[in-house]
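Taking it in order: structure first as structure tokens, then the write-up.
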Amino acid sequence: QVQLVESGGGLVQAGGSLRLSCAASAASGRTFDDYNMGWFRQAPGKEREFVASISGSGRWRNYADSVQGRFTASRDNAKFTVYLQMNSLKPEDTAVYYCAAAYVGKDYAYWGQGTQVTVSS
């Protein structure tokens with residue numbers, strides 16, 4: 001079982017920045033770099049959508065088109081933590097942001113409780 005706890009959300013003006021963190025506890029017998037990590041978000045009245053992902057080693061990263069060039073995913077495996085640096089925030093980035101973990105070769109099976117990000121215009 002992997003437990004994930006997000007933090008770093010808040011209220012920011014358009015054009016501002018936030019950095020989200022996701023602290024993880026890995027399952028017994030596995031190390032944190034065994035897990036690909038993802039960031040997702042869900043805005044009111046909308047379905048949850050993919051934002052970014054990062055491989056276990058941190059070498060591979062993918063981003064949704066809507067955040068490409070503005071958001072950066074990173075991880076510190078020694079600290080069991082992943083980050084999402086969000087720059088040039090827009091009101092349409094307002095959502096609850098979730099981190100998720102996927103054991104190598106598996107789907108995302110572990111989710112955090114989410115952290116609210118609100119961008120004012």
Side-chain angles (χ1 to χ4, degrees):
Q1 190 77 0
V2 177
Q3 296 182 329
L4 304 171
V5 179
E6 302 97 334
S7 61
L11 173 64
V12 64
Q13 289 188 332
S17 298
L18 282 175
R19 188 176 82 154
L20 305 183
S21 299
C22 174
S25 60
S28 176
R30 296 176 176 173
T31 59
F32 188 49
D33 58 4
D34 287 333
Y35 294 89
N36 297 319
M37 300 297 294
W39 286 98
F40 295 79
R41 67 186 181 187
Q42 187 167 21
K46 295 186 177 181
E47 294 189 353
R48 185 172 60 196
E49 65 175 359
F50 167 80
V51 175
S53 64
I54 184 168
S55 63
S57 67
R59 181 178 180 183
W60 306 106
R61 309 176 196 191
N62 289 300
Y63 299 95
D65 290 344
S66 59
V67 307
Q68 181 76 44
R70 299 187 298 122
F71 290 11
T72 302
S74 62
R75 64 191 295 160
D76 184 337
N77 286 342
K79 295 183 178 179
F80 281 58
T81 302
V82 293
Y83 305 96
L84 185 68
Q85 178 67 43
M86 306 186 295
N87 299 328
S88 302
L89 282 161
K90 305 175 182 180
E92 51 263 44
D93 294 320
T94 295
V96 177
Y97 283 71
Y98 300 89
C99 70
Y103 186 67
V104 61
K106 304 291 186 181
D107 293 332
Y108 289 106
Y110 307 101
W111 295 82
Q113 83 290 348
T115 186
Q116 177 70 47
V117 171
T118 303
V119 184
S120 63
S121 57

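Remember, predicted model here, so these are calculated numbers, not experimental data.
- Rounding to the nearest 0.5 Å places OG of Ser25 at 8.5 Å from CD of Gln1.
- Leu84 and Ala52 make their closest contact through CD1-CB, 4.2 Å (heavy atoms, listed as atom of the first residue, atom of the second, distance).
- Residue pairs meeting the disulfide (SG to SG under 2.5 Å) criterion with at least one partner in residues 53-106, sequence neighbours excluded, are Cys22-Cys99.
- At a threshold of 4.5 Å between side-chain heavy atoms, the hydrophobic network of Ile, Leu, Val, Met, Phe, Trp and Tyr places Tyr97 and Val5 in two separate groups.
- Residue pairs meeting the disulfide (SG to SG under 2.5 Å) criterion with at least one partner in residues 53-89, sequence neighbours excluded, do not occur; the list is empty.
- Taking each heavy atom of Ala101 and Met37 in turn, the nearest pair found is CB-SD, 3.5 Å.
- Looking at Asn77, its side chain does come within 3.5 Å of a backbone N or O of Gly56 through a donor-acceptor pair.
- Applying the salt bridge (Lys or Arg N to Asp or Glu O under 4.0 Å) test to Asp34 and every residue at least two apart in sequence or in another chain returns nothing.
- Residue Arg61 holds its CZ atom at 10.5 Å from CZ of Arg75, rounded to the nearest 0.5 Å.
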Ignoring hydrogens and angles, write down the donor-acceptor pairs under 3.5 Å from the side chains of residues 9-21, residues two or more places apart or on other chains.
from, atom 1, to, atom 2, distance (Å)
Ser17, OG, Asn87, OD1, 2.9

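- Considering CG of Asn36 and CD1 of Ile54, their distance stands at 9.5 Å, rounded to 0.5 Å.
- Nearest heavy atom pair, residue Val51 against residue Val67, reads O-CG2, 3.5 Å.
- Qualifying side chain to side chain contact (heavy atoms under 4.5 Å, CB included) partners for Ser121, counting only residues two or more places apart in sequence or in other chains: Pro91.
- Side-chain contact between Phe71 and Trp39 is absent, with no heavy atoms from C-beta onward closer than 4.5 Å.
- For Tyr63 (side chain) and Ala73 (main-chain N/O), a donor-acceptor pair under 3.5 Å exists by modelled atom type.
- Arg41 has a carboxylate O that lies under 4.0 Å from a charged side-chain N of Asp93, or vice versa, which qualifies the two as a salt bridge.
- The backbone N or O of Ser88 lies less than 3.5 Å from a partner atom in the side chain of Arg70, making a donor-acceptor pair.
- You'll find the side chain of Thr94 reaches within 4.5 Å of the side chain of Gln116, heavy atoms only.
- Residues Val117 and Tyr83 are members of separate hydrophobic clusters, defined by side-chain heavy-atom contacts under 4.5 angstrom among Ile, Leu, Val, Met, Phe, Trp and Tyr.
- Side chain of Gln42 to main chain of Ala95: no donor-acceptor pair is present (N/O by atom type, distance under 3.5 Å, no hydrogens or angles).
- Taking every heavy atom of both residues into account, Ala24 and Leu4 meet most closely at CB-CD2, 3.5 Å.
- Other residues sharing the hydrophobic cluster of Tyr108, ordered by chain and number and joined by side-chain separations under 4.5 Å: Phe40, Phe50, Val96, Tyr98, Trp111.
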